[in-house]
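These numbers come from a predicted model, not from an experiment.
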Amino acid sequence: MLRIGASIAGCLLAASLFVPNTSSAADITLGASVQLTGPLANTGRYYKDAYEFAVDQINEKGGVKVGDQQRKLALKIYDNQSDVNLSVRQYTQLVSQDKVNFLLGPFASNFALADSAISEKYRIPMVQGGGASDQIFSRKFKYIFGTLAPASDYFQSTVEMMTKLKPEPKNVALLYADDAFDVSVAEGTRPLLKKAGLTIALDERYTSNATDFNSLLSRIRSANIDAVLVAGHETEILNFVRQAQSLSVSPKMYSFTVGVPSADFRKALGDDANFAFGMTAWLPSASLKDKWFGDAEQFAKAYKVKYGYEPDYHAASAAADVEAFAQAIEEAGSIDPQKVRDALAKLNFESLYGTIAFAEDGQIHLPQTVIQIQGDEVVPVYGKQGFIKQPKYPMPAWNERQTIGTGK
Amino acid sequence: MSLLAQVLLNGVLLGGLYAIMALGLALVWGVLNIVNLAHGAFIMLGGYLAWYLFTGLGIDPFLGLPITAVAMFALGYLVQRLLLNLIVRAPMFNTLLITFGIEVVITYVAQLAFSADFRTINPSYAGNNVSLGPVIIPEVRLMAFGAAILLTFGMWIFLLKTRLGRAIRATAQNLVAARLYGVEPRHLYATTFGIGIGLAGMAGSLYGAVSQINPYIGAALTAKCFAISIIGGLDNPLGVIVGGIALGVIESLALLYVGATFGDVASFCVLVAVLIIRPSGLLGRTA
Amino acid sequence: MMGSKLSIGATAVVVLGIAAVPWIGSDVVVQFGISTLLLAVLAQSWNIIGGYCGYASFGHSTFYGLGSYGVAIAMAQWNLPFAVGMCLGAALAVIFAVLLGLPILRLKGHYFAIATLALALAMTAIVSNIAIAGQNIGLVLPPLNNDLLFYELSLALLVAATLTIFWLTKSRFGFGLIAIRENEEAAAVMGVNTTLYKVLAFALSGLFAALAGGIHAYWITFLDPDSAFDIGLNVKMIIMAVFGGPGSILGPVLGAFVLSAISEVLASEVTTVAGLFFGLVVVAAVVLMPRGLADLFRRFRVEGWRYFVNNIKSYSL
């Protein structure tokens, strides 16, 4: 048995030394480990689709100019099955075995947090559009850049809007899941609420992937809370809304960090999604001009034609990551990781995602626009300049909703 | 005071849902000694089936329960007959391993077939409730509770009073004797497992109506069902009602008084405590 | 057979060969190697309590996680060196094993398995509420870019674990464990202090799992409750131990190497269906070769392809 074991070990060893290197010399390869299966695949797949879409479009427009050569972009994507440990190993493989030129990020802050250690270790720049938690950027790493606005700023425009609503909400409930992103959101939102003079009547951290919000909702009802801010994941917010309905809990308003911009969230809730507030740093507006796509509106239309669903800010953020690399490579005139990293740090250009410019710590800063679901549409209601459109406030009680005329 | 009443009520109703979820697992475990780690995955499949019935054919999730039950029964029968029967007499943890493997396979196939989108079953009465004084009772949960009581008592009567039920219990207890009496054990085992999966399917239908379904809910549901089955006790099918309500109330109170992150801590600590102090559960016979 | 000089020599050569891999192979092979070696340690640690003592624990990831957190808290929160962290993790695991082992080891069969699983689930929930452990967000450790060190450390740990099992097979303690596995009541009657032996086995087994967890945490530089107490690990280590041959000295190691190789090849070549194949492999292995690779090699020569059919016949209804 020992002999057999030794021979197996020997074969594996021999096989490992002869793994071929398959990347082509002319293309610039971007590597990523994304959640294509597993609980986070719901949003993870947007990243793969958007990366592919952006790479294809850039290639179609001639590729990337490096010095006086036009080179094409290539993608290498692995499925990390929503497992952080596997994603770390896959990024290591992308760098050391597949020898990709640059790295694109995964979805979710806890993944970005772990995976950015690899980009830092191997000194290959990573631009990620899936992690907004401040923790990712507080470690003084030089090789990580992010196109999602800081988590702590997510509710800023919402809180500003709340002070201008009539009647102003008397008290606020702040609920947040216990993962990196949502804890960051809560930490940033608390001082904002205090500064705005709003009373925080309920401040609760809940377990990620919780399915039972009945206790929290009962407390909201019993304390007559006017405004509810929830920082969580789509599945939790879905449960929250459904259970709010079944317990007849309807505060004057509620706002969620995720879900509202996504088409399948609205589809899953149907009419019950109405009146919910959310925020997005990106809207498919024609005023966001882009070198490769024309503008954000054209990007969104073409995207929907190809993939069958409307892109939300995750997809736009992912496309922005690819564009950031393309732009940085052209400005650096080379594919040397150090030069491209420096070019990324100095970037400042307009794209379908807005102005792409990274702060000192590597994170982008974009203002969030407050949006609300009204009928079948997502309507921007409050932005940098104040009210864009009047929000439907206060939210009617659940049993009165039919008479407000929202459709079916 | 009314907050406490509401939270207690929430806990009891949740318990009803929990009881239906765990009934299939407890049945298969208590009677056949098969620990089904894929139980939650079958609940998930039942949920998807109910979703297709509802969105495709407009069949109400409660009225469609018999259809879901029969379809899932067939699936369970086949799984037991063709696969699990092959390892029934192996050491116990082989069933743990194989059902884990089955869980992985089912989850992946579901992901391929249904995509990672989450679905909800949203009948028009999904958000309705009735008020009883200061307390609000969601209708769907109340109906699920009623269904739980009916199904559990039905299972109890089936196992203790009907011929088929007694034959199943006899076979599980003494294989050789059962064979001598002309009972076909492979068919009986498959039937029992089928019933267990049929119950899981029904639970999935109800779960989809109160929460949402995606391919990955299986593992967490299985863990919950374990806790419920053990706390209630595997000797008696009525145990899941006791276990379910106990767990539902404990969790709800923990969420209210300790903190919103302590639901799972409460459930699993109670599970460990029950295993240490009284492994046969609240309704179990032996100490 | 293991006592002969030839076998010891051969084993030493194999170990040296494995130790030399980082100098011959690529970075990815080293990564794969570290991961496999740690899994092999886990499989061996399970072997002590599950294979030799007969108490199939389904929650060994509890100790693995405790070891990981010991290192993480010591290094990330208190800025202590790695070695101190390992001692902390080991201490936590042993204390846990003794305190909880005493009540839990009174359970038999599947109740014991479920109790250990419940323990792992409870630990995940509890740790995600502990502030110093970073709650559910977890902790980020100081990075160390030295895969060679981790590789050799893991190999050393595996050698230590295997030597411990080797010692076990020769010692009174080991015979006591086997006696407990075969017939606990008879063992007690013959004077074996079953409680003491079981708890010691549990603690020893937990110790190795914790050390493996500590190395893993420092290597990955990141942990959170779900990944530290990963339930899937339990199945992996049991499958590897059973696949390789439980209650044998090298079986779990072999099982770990072979299954890891299959799993990594799948994960890197076929990514999307990798998980699916893993599930199918598990199902197939339990049905076709429930007694492990060792048994397969021994009896295949005699029975040929009918070996698989015979297995099914002996275990099916």
Side-chain angles (χ1 to χ4, degrees), chain A residues 35-45 81-82 175-178 202-223 234-239 241-249 262-265 267-272 309 398-399 401-402 408, chain B residues 1-11 13-14 17 107-108 111-112 115-120 122 124-129 131 134-142 207 209-217 219-221 224 248 251-257 259-265:
Chain A
Q35 295 90 324
L36 298 176
T37 52
L40 295 174
N42 195 33
T43 314
R45 60 195 166 152
Q81 301 172 32
S82 297
L175 306 176
Y176 56 106
D178 59 3
L202 182 61
D203 185 340
E204 277 288 338
R205 201 184 75 223
Y206 66 84
T207 316
S208 291
N209 299 316
T211 50
D212 184 21
F213 290 93
N214 282 329
S215 288
L216 283 171
L217 284 163
S218 304
R219 287 165 75 180
I220 290 173
R221 190 162 59 100
S222 122
E234 283 188 22
T235 49
E236 297 150 19
I237 292 173
L238 203 82
N239 285 329
V241 173
R242 296 194 85 192
Q243 286 166 23
Q245 183 187 27
S246 71
L247 285 173
S248 285
V249 175
S262 324
D264 62 314
F265 174 82
K267 206 170 76 162
L269 276 179
D271 279 342
D272 298 336
Y309 62 90
W398 286 98
N399 50 10
R401 282 196 180 200
Q402 262 65 348
K408 293 170 239 158
Chain B
M1 185 55 211
S2 67
L3 175 60
L4 178 60
Q6 178 74 55
V7 169
L8 280 174
L9 176 73
N10 292 339
L13 291 182
L14 182 63
L17 187 62
T107 306
Y108 268 78
Q111 139 99 43
L112 289 174
S115 93
D117 282 345
F118 36 73
R119 327 256 181 188
T120 54
N122 230 345
S124 55
Y125 54 83
N128 292 359
N129 49 49
S131 308
V135 157
I136 297 201
I137 310 176
E139 261 181 35
V140 176
R141 297 221 177 192
L142 187 61
Y207 188 80
V210 303
S211 182
Q212 44 81 24
I213 303 177
N214 64 65
Y216 313 104
I217 53 176
L221 287 177
K224 261 305 147 61
E251 270 179 17
S252 298
L253 289 176
L255 289 173
L256 178 64
Y257 287 121
T261 47
F262 285 86
D264 280 346
V265 175

(request) With a 4.5 angstrom heavy-atom cut-off, could you sort out which part of R219(A) is near chain B: side chain, backbone, both or neither? (result) both

(request) Counting only heavy atoms closer than 4.5 Å, note whether S2(B) contacts chain A via side chain, backbone, both or neither. (result) neither

(request) Give, for atom CD of Q81(A) and atom OH of Y108(B), the distance between the pair rounded to the nearest 0.5 Å. (result) 3.5 Å

(message) With a 3.5 Å distance limit and no angle check, can you tell me whether S82(A) reaches the backbone of Q35(A) through a side-chain donor-acceptor pair?
(response) no

(request) Tell me, out of G44(A), G38(A), A210(A), A41(A), who's got the most heavy-atom pairs with chain B below 4.5 Å. (result) G38(A)

(message) As an exercise: rank S252(B), G263(B), G259(B) by heavy-atom pairs under 4.5 Å with chain A and give me the winner.
(response) S252(B)

(message) Under a 4.5 Å cutoff for heavy-atom pairs, which residue among G127(B), S115(B), S131(B), G11(B) has the most contacts with chain A?
(response) G127(B)

(request) Answer with side chain, backbone, both or neither: which region of Y125(B) has an atom nearer than 4.5 Å to a non-hydrogen atom of chain A? (result) neither

(request) Check whether L14(B) gets within reach of chain A through its side chain, its backbone, both or neither, counting any heavy atom under 4.5 Å. (result) side chain

(request) May I ask you to name which of V140(B), D117(B), T107(B) has the most heavy-atom pairs under 4.5 Å with chain A? (result) D117(B)

(request) Keeping the roles fixed (side chain from Q243(A), backbone from T211(A)), state whether a donor-acceptor pair exists under 3.5 Å. (result) yes

(request) Any chance you could measure R119(B), atom CZ, to L238(A), atom CG, to the nearest 0.5 Å? (result) 12.5 Å

(request) With a 4.5 angstrom heavy-atom cut-off, could you sort out which part of D212(A) is near chain B: side chain, backbone, both or neither? (result) both

(message) Heavy-atom pairs under 4.5 Å with chain B: which of S218(A), S222(A), A223(A), A177(A) has the most?
(response) S218(A)

(request) Check each atom of A209(B) against the heavy atoms of chain A and say whether the ones under 4.5 Å are side chain, backbone, both or neither. (result) backbone

(request) Decide whether N129(B) and S246(A) meet the rule of one side-chain donor and one side-chain acceptor closer than 3.5 Å. (result) no

(request) Ignoring hydrogens and angles, tell me if any N or O in the side chain of D178(A) forms a donor-acceptor pair with the backbone of T207(A) under 3.5 Å. (result) no

(request) Would you check if N122(B) and D272(A) make a side-chain contact, meaning some heavy-atom pair closer than 4.5 Å? (result) yes

(message) Could you tell me if Q6(B) and R221(A) have a donor-acceptor pair between their side chains, going purely by distance under 3.5 Å?
(response) yes

(message) Taking side chain as everything from C-beta outward and backbone as N, CA, C, O, which of these in L269(A) sits under 4.5 Å from a heavy atom of chain B? Side chain, backbone, both or neither.
(response) backbone

(message) Given heavy-atom pairs under 4.5 angstrom as the criterion, report whether the side chain, backbone, both or neither of L216(A) touches chain B.
(response) side chain

(message) Any non-hydrogen side-chain atom of R401(A) less than 4.5 Å from a side-chain atom of D271(A)?
(response) no

